[in-house]
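If you read the sequence from its start, that first residue is 1, and numbering goes on from there.
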Amino acid sequence: MSLNVKLNYQVIAKILGIVTLIIGLFMLPALFCAVFYGETENIRALMISSGLTIATGSFVILIVKPAKARFRAREGYLVVALCWLICSFFGALPYYFSDFTSSFTDSFFESVSGFTTTGCTAMGIKIMPKALLLWKAITHWLGGMGILVFAISILPALGINAQLIARAETPGPVLEKMAVRMSDSAKILYLTYISLSLLEFILLYPFMTPFDSLINTMGSISSGGLFAHPDGIAYYNSVAVEIIISVFTILASINFILYHYAATGKWGYVARDVELRSFLRIIIGAVLLCTLGLYFLGNYPNFFQALRDSFFQVVSMITTSGYSSADYTIWPAVCQMILFTLLFIGGCAASTSGSLKVIRVVVLLKLIGRGFYKRIHPRSVVAVKIGKKAVPALVVSEITVFILMYMCLFLFSCLVLSLQNLDLETTISTAASLLSNTGMAFGEVGSMGDYSIYSAPLKLYLSLLMIIGRLELFTIVILFTRSFWGKER
């Protein structure tokens, strides 16, 4: 493959240095946690990790001069892909240098799981030291909104077009800006994100320790599904805890642009949002079906318990947060199929959740409906509409391509994972779970998301799959195409 493309490597290196420094600085709270709880081995691990990461980032920032040269879409895609890989690499160091694991593959998987908010593990279901647990929670929290969204607010000072980076990291059917400058939009996003995090922490505080409240807040607001105990949310056996976590995972799975509209008094935009209404309807319908299935087919003691477990599990699946309050792998087949279907839907666009996103599913269904209509009226010209607004043909085409590519990658991943020779249920649900960044699966993986059963090469593939799913396919896959590295046009 001929590398004829000329990339602005100075700008790319500068951004990589900034993001690496940010990751190193965010390791410091975990280091303080290790000191506070007297975790001697983790103090050493986090001192080495944070020192190495901060030093690397600072060195790159100091030696690379800011470049004012043109920053194009190619650089945007490349810098996002490299940032996520580099962050995952440095994020793996605290696990690797500790005595929690001696495998860098497992450490890298754990780091990717954190940053992509998948929330699963390759180290088995065991108690993680508090410092490492806090570090994983921090990676969830950073990855939930997007690592580079955090850095975008300072990029204009380097003369870099932040819009191209935001487009590469969070592609969607429609990319809207809440402010004139993309950096201002990033600040608004994080202000909303931080506000929701603080509110959830305050609400959880009366029901658990401050540390548990912090871990569960970072895990749920990021749609990561991290929990502080091996038993998951079932450890607390509290309806209030389940409701708070469910509500905030829903809030985190709503398009964050709607919060800006609400804050500026534009409630009409929020009320008329088709994606939000469809999202809530899917949740209500799935909860009702699962509740009836559990009550009549699952031998549940009462209707309220069936409703409680159904609500929490449905919300967990569709928001791709990956929590579990009950062992859904022994639920009736109809309930398991509903949950498996929700894996492919996900939350809203421009949110912390993963998978296809509701708006794409809505457009796909309307496209299918238009196909039936044109069978009856072949000469008619019918636009695909969201509400009263016609969706541009280019957007419809992009959504169609994305969904087809998503399903092709899902089937290819099933084929790759079948090399492990596990049962079909485990293989298929693993591919769907990690591509959608949910973390939970069926079969041998179970409701706790334990992927330690896979071999080291497949763990690396699963790590790549999580990153591809988090960056919505194109940002990573496009790097393997000839046109990306071909001549300039």
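Aromatic ring pairs are classed by plane angle as parallel below 30°, tilted from 30° to 60° and perpendicular above 60°; the pair F312 and Y323 is tilted.
Among I18, V19, I12, the single residue meeting the side chain to side chain contact (heavy atoms under 4.5 Å, CB included) criterion with L16 is I12.
Residues in residues 198-216 take part in no salt bridge (charged side-chain N to carboxylate O under 4.0 Å, His left out) pair, two or more places apart or across chains.
Using a distance-only test at 3.5 Å, with no hydrogens or angles considered, no donor-acceptor pair links the side chain of T475 to the main chain of A81. Proximity of a side-chain donor or acceptor of S253 to a complementary backbone N or O of C348 within less than 3.5 Å is not detected. R470 places a side-chain N or O within 3.5 Å of a backbone atom of G143 that can act as its donor or acceptor partner. The backbone N or O of T209 sits nowhere less than 3.5 Å from a side-chain atom of S213 that would complete a donor-acceptor pair. Between the Y259 side chain and the L251 main chain, a donor and an acceptor come within less than 3.5 Å of each other. T352 contributes a side-chain N or O that, together with a main-chain N or O of A252, makes up a donor-acceptor pair within less than 3.5 Å. No side-chain donor-acceptor contact under 3.5 Å links S321 to the backbone of T249. Under a 3.5 Å cut-off, the side chain of Y454 and the backbone N or O of A122 do not form any donor-acceptor pair. A donor-acceptor contact shorter than 3.5 Å is absent between the side chain of S429 and the backbone of A441. Using a distance-only test at 3.5 Å, with no hydrogens or angles considered, a donor-acceptor pair links the side chain of T101 to the main chain of S103.
Annotation: cation-pi geometry not satisfied between K459 and F109 (NZ/CZ under 6.0 angstrom from ring centroid, within 45° of ring axis).
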| task | Run the numbers on L226 and M218 for side-chain contact (heavy atoms from CB on, under 4.5 Å), then give the verdict. | result | CA-CA 8 Å; L226 183 65; M218 287 184 163; over 6 Å; no
| request: Output, in order, the C-alpha distance, side-chain angles, deciding distance and verdict of side-chain contact (heavy atoms from CB on, under 4.5 Å) for L21 and I54. | output: CA-CA 5 Å; L21 176 60; I54 291 172; 3.8 Å; yes
| said: Working note: I23 + F115, criterion side-chain contact (heavy atoms from CB on, under 4.5 Å); need CA distance, chi angles, decisive distance, verdict. | reply: CA-CA 11 Å; I23 295 301; F115 281 115; 3.8 Å; yes
| task | Decide yes or no on side-chain contact (heavy atoms from CB on, under 4.5 Å) for Y451 and L434, but give the supporting numbers first. | result | CA-CA 10 Å; Y451 292 86; L434 297 193; 3.7 Å; yes
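Scored by the side-chain contact (heavy atoms from CB on, under 4.5 Å) test, A431 finds F410, S413, C414, L417 as partners (sequence neighbours excluded).
Taking the six-membered ring wherever Trp is involved, the centroid distance between the rings of F108 and Y96 does not fall below 6.0 Å. Taking the ring centroids of F89 and F104, they lie under the 6.0 Å cut-off.
Dense packing is recorded around CZ of F97, with more than 12 heavy atoms of other residues, nucleotides or ligands lying under 6.0 Å away. More than 12 heavy atoms of other residues, nucleotides or ligands sit less than 6.0 Å from atom CZ of F207.
Inter-residue side-chain proximity for T118 and S113 is flagged as met; some heavy-atom pair is nearer than 4.5 Å.
When only modelled atom types and interatomic distance are considered, N42 and Y37 share no side-chain donor-acceptor pair under 3.5 Å.
Summarising the geometry, atom CG belonging to L85 is positioned 5.5 Å from atom CD1 belonging to I476; distances are rounded to the nearest 0.5 Å. Taking CG from L409 and CD1 from I468, the interatomic distance works out to 5.5 Å, rounded to the nearest 0.5 Å. Atom CE of M27 and atom CG of L93 lie 5.5 Å apart (nearest 0.5 Å).
Nearest heavy atom pair, residue L46 against residue P94, reads CD2-CB, 3.7 Å.
Taking a cutoff of 4.0 Å between a charged side-chain nitrogen and a carboxylate oxygen, E110 and K136 qualify as a salt bridge.
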